[in-house]
Each structure stands twice: as C-alpha cells, then as structure tokens.
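See below for the structure under consideration.
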Protein chains: 2
Amino acid sequence: MDPHLLATFVAVARHGSFSAAATELGYTQSAISQQIAALEADLGLPLLRRRPVEPTPAGARLLEHAAPLLLRLRAARADVLRAAARPRHRLRLAATPLSTGPVLARRLAGVRARRPRLEVALHTCGLDQVTAMVAEGEADVGLVDGIAAPSDPLRLPDAGPMTTARVSEEDLAVALPVDHPLAGRAALRLAGLVDARWVRSPLCPLARLRDLMGDPAGDGFPTGLEHTGDDVHTVLALVAAGHGLTLLPASALTPLVAGVPLAAPRLVHRVELLHGTLPPGTADLVKDLSG
Amino acid sequence: MDPHLLATFVAVARHGSFSAAATELGYTQSAISQQIAALEADLGLPLLRRRPVEPTPAGARLLEHAAPLLLRLRAARADVLRAAARPRHRLRLAATPLSTGPVLARRLAGVRARRPRLEVALHTCGLDQVTAMVAEGEADVGLVDGIAAPSDPLRLPDAGPMTTARVSEEDLAVALPVDHPLAGRAALRLAGLVDARWVRSPLCPLARLRDLMGDPAGDGFPTGLEHTGDDVHTVLALVAAGHGLTLLPASALTPLVAGVPLAAPRLVHRVELLHGTLPPGTADLVKDLSG
DNA sequence: TTCCCTTACGGAACCCGTAAATATT
DNA sequence: AATATTTACGGGTTCCGTAAGGGAA
C-alpha cells in the first residue's frame, strides 16, 4: 500500500484511463500499468476493470480511503515542517464565504490595527478546500462555517489533528422571495419546510439539515435547482427569483430576499477557527481572532 | 514520507534505541540508521537527537501523526480485503468492558438464539484497541462506551471511515464508599465534586469530564490514585476502599459501593456499536444488535 | 575500552522507459 | 485498423547487509 501507488490509483480512477493519468503524473502508460499491477498484486485483488477503466467494488472502497489518507500524509509533512519554520509577518487565511461575517471582520480589523506591519492574505473557497489548505500548511488559519445546534461544534472533514475554536454563533433565517406567501410570517419552523422546494448549494448543506431533523437518509428538502460554487450573491439571486428556499445567517441577507427567523428546531449558524501547529509568533494573533 | 520509514521511526522512538528497533523489526542497526537518515533527509530536518536517542521537537510532532496514519493505512487495507472476503459464520466482537451492559447482553442472547450455528468471539480491551481492531478487521464489530450528553454521539479516536450506531444510554451514578458522608444523598451534582478525590482509570475518563464541565485544561477532579487496566471489579474495590470517587453506569454498581444518581449536568453512559464494511451476511446481524 | 550509531561498499531487488505484443472496439 | 493496456527487457537507482569507521561514556 505504497502511497505513491495509491496516488496513481486515484489519478487513474479519476481519469478513467491509464494514459490520461500517465500524462498528468508525468509517467509513461507502461509505468502506470505496472504501478496498478503492483498495487493489485499487493492486495491480491483486482481494483480496476479495464476497457472501460472503472473501479471494482474493492477498488471503490480503496478510493474512499485513498484521498483522506494522502491528505493526512501531506498534512503530517506540512505540520512537521511548520513546527520548524521561521516566524512570518504574514497571515494567510482560508475561509468559507459565509464564515467572514461581521463578527470576524471586526476582530480582523482590530488585529490589523494593532499590528500595522502585518500582511493578511485571505482566500475563500469551499469547506473541504479550507480544511485541506490548513492541514497542508497553505493557510495558517482557516475559518469555516456551518449549521449546528447551539454551542455544538461543527462536524468537519478529518484531515489530521487540528485545533478548533468557536468564533461566533448567529441566528439563522429562511431566505424567501419577497413575494413568497410565507414572507410575512414572524417565524418559521423547519419541520413545515421539509416539503418546500430548496436551492441546493454548498452554502446550505441540506444533508446536514436532514441529519439534524433525524432523517439522515430521507428525501426531505427536495431541490429544484443545484448550485455549485462559493458565491453568496448568486444564491441570493436564485432565491429571489423563486428557484427555492435556503437557510442563511441573518447577517448575510440582502434586500433582494425576505428573511424569516427560524423558530424551531433551534439552530445557529456557527463559525469556527481552525488551525494546526501555529508558526511561532502567530499564537497570540489567533487568540485575538477567536475572541 | 514513506510509511515504511515512518514505522521504523516510531519503533526507534519507542525503544529509544536504533539497535532495539532493529531487533524488533528484523533489520540490522545499519539499515535502521539509513532509514532514519533517509526520513530526515526527506523532511530536511533532524528528527532524533542521538545519545540518548530522543525525538527533537519536529520529531515529536511527527510521532503524533505517525501512529494514526499507519493505523489508517492498515485500516484501508483491511477494509478493502474485507469487502472481497467470504461470508463467515463467526462473529468477532471487540468491546470495552463497560459496553457489555444488560441491554447488549440481552440482544446478543437474542441473536444467538435465532442463529444457533453462529460462533461468537468476544474480546474486551481498551477503547483505542477496540477501534484499532475494528479498523484493521481483527474484529467484525466493536462495542464502545463513554460519557456524553444525552443523545450526543461519543467522541471516538479516528481510524478511518466507520459506521457507528447507538446501542443504549443509561443513567450515571457516582460510586462512593458505603460509609462516605455523601452516600446517603438522593442525587449529586458534578460541580460539587470537582474538588473531591477521584480514581483515575480508563473506565471513567476524567479529561472527558473536565471537557464537559467546560474546563478542558483545568485541574478539576484531582486523583489520588491512578489505575491502569480494563477491570471494573478492581475499580469498584478501589472506590469501596476509599481511594476516590468514580462515575459508572448504574447497572455496573455492586453492593461493594454506594451509588448516588448524578443529577446535573445531565450526562449518560452511552454505548455505541462500531463497524467498517461488514462481511457479506452479517449486515442483518448487526442490525439486530443495534436494536 | 565498550557501546552504539554512522559511513563505505557491494549485491540484489525495484522501478521506469523503450519497444514489441496483445486485446478490445 | 485503431486505440489502449500488457509484457519483455535493459539501465539506473534504491535498499539492505557486511564490515569498517567514529564519538561519547
């Protein structure tokens, strides 16, 4: 189970082709063929069906393990190197789009005011990428958001030992078109909305909602439209146009949409700060950010 | 970061000696020396100080990553092989000692009554070993227990993607010597016991209690005596002899000790069932066990 | 000196590229 | 026939064992 072989296996499975994987990895097709053969010999099982190239059941299982394993390997390397790295006067932040609410923006402003020479780089992307960037040391600190019961921690993808700290919790609102029949309500219950049409987007993970409603595998929260991307503005526009509902922190609402407070179950939009071993000199800085 | 090198690094660090690690792993000292040199060259950092052999700060960080990484690697291999394995009429259970309460024992009896030809092997050991055994396929199903807020899942060590299911939740009791001044109380609050003397044992993880009391790094729950082992009987004897208090599920109490219900915070002793990909034919069996 | 790790060196195994063979569409 | 994977083979590298070389107690 050489990680090297595991990585080529993942590449082959992703491309569905030995030759394409070879091109990506800078090997010859022959080398890829030999590597896959070596991996299959090691496990004593066929992992890929050929022509067309697709994983066998055993291969599919291995694929589920491979990516997180390789990530943790990179994360371990990054963490060790980071522990021995020089102090920087540069803070690299990775954040999910909704994590940068007013609470954090204010704290970040405070940090910058106190340290005028500090350079801050902020990159926004999806949850998995944020955790991966923090794990691999491409970002010093990550900011992630999600929906949770009050004072419950977020459930984050596992990329090795990392520290999390609560940054803020904020009320959730159901975003609706302004002319929606429910737009006038004072508050809404989630249970009454499981059959409404929802916009599926990474900003509002419906699977998480089903989970919280005690219906993990169920078919609640049907989606008329699926949006891929990290863009809050787009989602608001989709909701305003009547494509479906979504759940957002109250501070993210705009005049484009109507926002009705979510009454029950009691859920919050939670923001957490995420980091591995911090480079020397940034520890107090992180403390300022987490409050 | 070859896992092979990582494994020898762990062995060397554990033994504090190149030669001892060589003996354990079946290599010559020279080979070990070269492997460590290769790992240090790969990372560009010294990982071990020599004479005496002990990890550098960077090496210490790597050690924290290495063990879980190697476990996940073995777990991935086991999971893939398991997916292709033959059905067995043998169920191998691994369980923490307190996980086998009356609820589970009854269900297990039911399963055996319905499947007379089924052989059951049960091994009890600590939490980390149970998860490792399940991950590596040495056990088909694991049973683990812990203290949690009601209907909250347990926090388990991470050994790769595994499925957990709630088996039972039971009230907790504070175990006291029968002649203890508090033994007559109708109920006790945990907050009033943070300064009492406790028996530290794997059966009642005090770190977890501090965590639940919102004092993760604190010095609450002082211990007069530390017990290592998986033995409930011994812990009860220690408590009865006045070495300290402990927290146990009500069903584990014996006449040796007095048990006072825990009133606040509301905590339960929770048992969960843990398994990876199940061998064909055992899926329904697991469903019976989890209820 | 003794113990223990490091370095030098040689043989075997491994890994990848070239190129020919083979299988599927 | 065309495309894509497998196999054969050779050169270069890696890896481990033997054996000699150092440094600390």
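Protein chains get the first letters and strands the later ones, always in sequence-line order, with residue 1 at the start of each. Computed from a prediction, not measured in an experiment: that's the story for all the values here.
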Whole Å only: how far is the CD1 atom of A:Ile36 from the P atom of D:dT6? 9 Å
Reported CG-to-CG distance for the pair B:Leu156 and B:Asp128, which is rounded to 0.5 angstrom: 10.0 Å
Within the 4.0 Å heavy-atom criterion, would you say B:Arg51 contacts the bases, only the backbone, or no part of the nucleic acid? base
For D:dA24, does either OP1 or OP2 sit under 4.0 Å from a side-chain N or O belonging to B:Arg50? no
If I compare all heavy atoms of A:His275 with all of A:Val134, which pair ends up nearest, and what's the gap? CA-CG1, 3.8 Å
Can you tell me how far C1' of D:dT6 sits from CD of A:Glu40, to the nearest Å? 12 Å
Which nucleotide wins on minimum distance to the side chain of B:Ser33, given the candidates C:dC5, D:dT6, D:dG17? C:dC5
Please report the distance, rounded to the nearest Å, between CG in A:Leu5 and P in C:dC15. 7 Å
note: B:Phe18, atom CZ; C:dC3, atom P; distance rounded to Å ~ 19 Å
Provide, to the nearest angstrom, the distance between the CG atom belonging to B:Leu25 and the P atom belonging to D:dC16. 11 Å
Would you please confirm or rule out a distance under 4.0 Å between OP1 or OP2 of C:dC15 and any side-chain N or O of A:Gln35? no
Tell me which nucleotide among C:dA19, D:dT5, C:dC5 gets nearest to the side chain of A:Ser30. C:dA19
If you find the nucleotide of DNA chain C closest to A:Pro52 and the one closest to A:Thr28, which residue's nucleotide is nearer the 5' end? A:Thr28
Nearest heavy atoms of A:Val130 and A:Thr96, plus distance in Å: CG2-N, 3.8 Å
Taking the side chain from B:Glu272 and the backbone from B:Val144, do they hold a donor-acceptor pair closer than 3.5 Å? no
Whole-Å gap separating P (D:dT14) and CG (B:Asp42): 13 Å
Could you check whether B:Gln34 gets within reach of a base, just the sugar-phosphate, or nothing at all, counting any heavy atom under 4.0 Å? base
Test salt bridge (Lys or Arg N to Asp or Glu O under 4.0 Å), reference A:Glu136, set A:Arg77, A:Arg92, A:Arg82, A:Arg74, output is A:Arg74
Does a side-chain N or O from B:Ser19 land closer than 4.0 Å to OP1 or OP2 of C:dC4, or not? no
Whole-Å distance, B:Leu48 CG to C:dT6 C1', equals 14 Å
Whole angstrom is fine here: how far is it from NE2 in B:His15 over to C1' in C:dC4? 16 Å
